[in-house]
Amino acid sequence: MKCIFCFYLCFISLVVAGAETSEMSSLLSVSESFKTNLPSTLISSGNSAKEEPDINNLLNLADRFMFRDYKKSLSYAKKASLLAEKKGDSEKKALAYYYIIRNLFFLRELKEGYSYIEKGMKEEAVVANPLYKALFTEVTANYYGLISMPNKQLEEEFKVLKLIPQGKDIYSKILEANTYMAIGDAYIDMEDFQSAHVYADKSIALIEKIPEKEYLKVKRIYWRKAYIYFYKGWIYLQQNKPQEAFPFIKKAYDQSVIEGLVYKAPFLEEYGDYYFQMENYHKAIEYYQQTIDNKSLLGHSAEYVESKIASAYRMLGDHDKEKAYLKKSTEQFKKSTSEDKMHIQEGLKNMQKEQEQKITETEKENKTILILVIAIAIATIVILIGALIRNLNIRKKKKEIIKEKENQLQHQNMMITEREDAIEKLQLQVNESFSELIQMAKENSPQFFARFQEVYPEVYEKMLAINPRIKVPELTFAAFLYLGFSTKQIATYTSVTVHAVEIRKTRFRKKYNISSEIDCNVWMKNLLK
């Protein structure tokens, strides 16, 4: 689910820039608000009267189609970038790259999108101005959120907070609100709901201080109020608190209507989750189906939503439809896993590239310092020795960091390979062996619990007898325990942290009064005795 919701986040992340005018680019007027921060070349324009409006008009068109027609928006942004590159206008290049990145991310072209992040980070306008630097740092954080690396996402988001001038103008406030929301999203993925609520509340407080009329005057790419409410509701749903979630779900959907967002899938799906938790399964299916239709319209897959429909039909006792939707979900899940593997590998390579670049910059700085020291005291043997030692330490540190990154890459590749092998071995036949069930668990297949229910119906019946209102996620977790998987294995197969699994075990113990002296796996095994 993380990957999907990260898409909702990244396409409405904010640009720190100036207010909209009829003939100026969406971010050009940032020069008026932050003249003291921008170099003189970005405050005044020496461009010809003929070419200047062309770039601005293209950027305006890119913004006009944002969240309405992503391919058209991308086309106009790329045309603007070509003109800006021809003229050598660094600021306009950065703005065009930003629109390009947002549209490419929505269209699932993550590799190409990241290449524009790299180009943007090298632009003079971005290097010289912390506001533009914050903009591209945030989109970098979004990238890592998309490939399910919440720790790296958090690292980048906290960098953004340090770059934002706190509360000086509407653009700083919007960017700050967006960043708080993104931090909350990362904590949701880590199942740290307390921290997620803290940052979601900060985001809501900031965005609601901005009058609605003033908020709607800024460019479309700045709009994010609907998603800020969405994530607050989503946190409550993850905690199985549908009644607390509902006011924010409604606010999110209503705001999406006000903003004219075409991509309403996240808001429709959240309504579906609300009705599912309220046990109104027919209503949940209705909203889930609308979600699938909206995703299909914009070219997005819906394997997770299909899995939710299957769960709703299971609760209604319609096992034929349950199996039909599980089959759809599994087939699409296999296709998506191949793409996820590629994106994760690219993400790891980019992380390693970033680290190596930092090391290279550090080496250059130290070499410069060494030359100055030698020039000042060339005859001082002590300084020369100190410099040599420092250089050796740098090389040693570089080797250690590169080795650590190589180990991380190797570990991630091992996990990806194991998951891919498990998918290839997955079979959908009804009466498969125990080994097939283990493989399905390792692959984290949406059909795992349905298959487990067929193989071990007595465990399923016993858990229902103990807790008639037990839901599928908890039954699935109990199934992992019954099969004897360790905490680390469960974390690996379900793509969450070990800490998250330990928290779930603690909640499981409290709910079923399991003594701390008894292993949860043993308790599940003894359930039928």
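All values reported here derive from a predicted model rather than from experimental measurement. If you read the sequence from its start, that first residue is 1, and numbering goes on from there.
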task: Answer yes or no: are there more than 12 heavy-atom neighbours, outside K71 itself, under 6.0 Å from its atom NZ?
output: no
query: E474 pairs by side-chain hydrogen bond (donor to acceptor under 3.5 Å, both in side chains) with which of R469, R507, K511?
result: K511
task: Check whether more than 12 heavy atoms from other residues, nucleotides or ligands sit under 6.0 Å from atom CD of Q194, and answer yes or no.
output: no
query: Regarding K232 and the six-membered ring of Y229, is the cationic atom NZ or CZ under 6.0 Å from the ring centre and inside 45° of its axis?
result: no
message: Quick one about E303 and S301 (side-chain donor to acceptor, distance below 3.5 Å, no hydrogens or angles considered), yes or no?
response: yes
message: Take a 6.0 Å sphere around NZ of K264 and say whether it holds more than 12 heavy atoms from other residues, nucleotides or ligands.
response: yes
- prompt: In terms of side-chain geometry, is the basic nitrogen of E214 or K173 positioned less than 4.0 Å from the acidic oxygen of its partner?
  reply: no
Pair K152 + E156, salt bridge at N-O below 4.0 Å: yes
Within the 6.0 Å centroid threshold, strictly below: F106 and H300: yes
message: Donor-acceptor pair, distance only, cut-off 3.5 Å: does the side chain of N280 make one with the backbone of Y275?
response: no
- prompt: Looking at Y215, does the NZ or CZ of K225 lie under 6.0 angstrom from its six-membered ring centre and within 45 degrees of the ring axis?
  reply: yes
message: Is it the case that the side chain of N521 and the backbone of F485 share a donor-acceptor pair, with hydrogens and angles ignored and the cut-off at 3.5 Å?
response: yes
query: Is R504 paired with E191 through a side-chain N to carboxylate O contact shorter than 4.0 Å?
result: no
field: Residue pair E157 / A182: nearest heavy atoms and the distance that separates them
entry: OE2-CB, 3.0 Å
- request: Examine K505 relative to F508 and say whether NZ or CZ is less than 6.0 Å from the centre of the six-membered ring and inside a 45° cone about the ring axis.
  value: no
task: Go through the steps for Y263 and F67 under the test side chain to side chain contact (heavy atoms under 4.5 Å, CB included), then give the verdict.
output: CA-CA 7 Å; Y263 191 53; F67 312 131; over 6 Å; no
R64 CZ: over 12 foreign heavy atoms closer than 6.0 Å: no
Of I249, D254, L261, the residue whose pairing with F267 passes side chain to side chain contact (heavy atoms under 4.5 Å, CB included): L261
- request: Check whether the ring centres of F449 and F480 lie less than 6.0 Å apart, and answer yes or no.
  value: no
- request: State which residue, out of F276, Y313, Y325, fulfils the side chain to side chain contact (heavy atoms under 4.5 Å, CB included) condition with I285.
  value: Y313
query: Which pair of heavy atoms, one from T330 and one from P446, lies closest together, and at what distance?
result: OG1-CD, 4.2 Å
